[in-house]
Amino acid sequence: MLIVMNSQASEENINKVVDFIKQKGFDAHVSKGEDHTVIGAVGRKVIDKRDIELLDGVKEVIRITSPYKLVSRVFKGEDTIIEIKDVKIGGNNIAMIAGPCTVESYDQMDATAEKLSECGVKLLRGGAFKPRTSPYAFQGLGEEGLKILREVANKYNMLVTSEVMEVSQIPMFLKYVDILQVGARNMQNFNLLKSLGEIRKPVLLKRGLSATIEELLMSAEYIMAGGNREIILCERGIRTFEHMTRNTLDISAIPVIQKISHLPIIVDPSHATGLRDKVAPMSKAAIAAGADGLIIEVHNSPETALCDGAQSLYPHDFAILFDELKQLAKVIKKHF
Ligand code: PEP
Ligand code: MN
């Protein structure tokens, strides 16, 4: 951490800052410049930088070591590649996860999965426990939904992901799913993250509605600190002042995260835009920007969907999009 003193800072101010950081367990390295004195605080302790900012004579406090460690490229230089059976996610391998917002019935899942598997999708999505904004909206089929998801996936030789909402649900999820999804609304449910650190199955961690990239990485750090190294990050749009789309897709999060973290980062263009006709262009943008995968909502009959029909693709449109994305992937020397 670097502490930049303002040009009027007295010797007494400087000494006070030095004493303060030493008392907090840091070494202090003072460098006197023509205009400013800069104090380097070196150590492994955690300190709230506001405590230093409040001291007399301090102009600015700049953190130079990141608060996340295990998820960072400093800790692990090469890309993390997650392998589940014959599916790889990360590195040059782009994942395609598709399926309805929510599991509604066996027939709906079967009809959707059949179409998806015909065009080569290996990862099926479907919520069984839904974090709905309204308590009166369809909340999901619960364990019955997970059973249907598993049964249908087995029929088409697919893998599944579904959202886990609470710590107590984890053992149930381990029975049915291959990837446990943490939804945007639970990104900072630290108890859930800690418990997911203890399991040995991949976790798909979605960015919170108003979360910064650093907060997303810190949430991943919670899971990794528990020993679970298999985390897939997901950019799903953030809340901004713009209302033309449900959220604003932060495409720049992809290269930003890929530079500082070794974890794969996928994109959810469905929740990011909330509009079916925006899903294809945003999917292409994500792949062009280097995303390690996509999670797209597809429904056999979007107009009758119980949840998120307006942003769900028809299987036919999805098939065309997937074909185009495969071509695009070749250009950037990656593959689905
Ligand atoms: C979902 O993927 O089903 C979902 C609810 O997404 P998010 O958590 O990103 O809103
Ligand atoms: Mn949805």
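Counting convention: from 1, in listed order, for ligands and their atoms alike.
Enclosure of atom NZ in Lys115 is not indicated, since only 12 or fewer non-hydrogen atoms of other residues, nucleotides or ligands lie within 6.0 angstrom.
In terms of protein heavy-atom proximity, atom 6 (O) of ligand 1 is closest to Lys206 NZ, 2.9 Å. Closest to atom 9 (O) of ligand 1 among all protein heavy atoms lies Arg236 NE, 2.6 Å. The closest protein non-hydrogen atom to atom 4 (C) of ligand 1 is His271 NE2, 3.5 Å. The protein non-hydrogen atom at the shortest distance from atom 8 (O) of ligand 1 is Ala184 N, 2.8 Å.
A side chain to side chain contact (heavy atoms under 4.5 Å, CB included) with Met158 is found for one member of Val87, Asp178, Leu116 and no other, namely Leu116. Partner Leu149 forms a side chain to side chain contact (heavy atoms under 4.5 Å, CB included) with one of Asn154, Val160, Leu141 and no other, that one being Val160.
Close approach to Gly183 involves these atoms of ligand 1, each under 4.0 Å from a residue heavy atom: 8 (O). Residue Glu163 has at least one heavy-atom neighbour below 4.0 Å for each of these atoms of ligand 1: 5 (C).
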Can you check ring pair (Phe, Tyr, Trp, His ring centres under 6.0 Å) on Phe129 and Phe173, steps first, answer last?
CA-CA 11 Å; Phe129 295 86; Phe173 271 72; 5.8 Å; yes

Might you work through the salt bridge (Lys or Arg N to Asp or Glu O under 4.0 Å) test for Glu11 and Lys32, ending with a clear yes or no?
CA-CA 11 Å; Glu11 205 56 35; Lys32 292 203 163 148; 2.8 Å; yes

Evaluate Glu324 against Lys284 for salt bridge (Lys or Arg N to Asp or Glu O under 4.0 Å), listing each step before the verdict.
CA-CA 8 Å; Glu324 290 174 350; Lys284 291 172 194 167; 2.8 Å; yes

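Looking only at its N/O/S atoms, Asp308 has OD2 as the one nearest to the Mn ion (ligand 2). The Mn ion (ligand 2) is closest to atom NE2 of His271 (considering only N, O or S atoms). In terms of distance to the Mn ion (ligand 2), the nearest N, O or S atom of Glu297 is named OE2.
Note that CD1 of Ile231 and CD1 of Ile265 are 12.0 Å apart. Values are rounded to the nearest 0.5 Å.
The Mn ion (ligand 2) has an N, O or S atom of Cys101 under 2.8 Å away, backbone or side chain.
Between Arg207 and ligand 1 there is no heavy-atom distance shorter than 4.0 Å.
Under a cutoff of 6.0 Å and an axis angle of 45°, Lys326 and Phe322 form a cation-pi pair.
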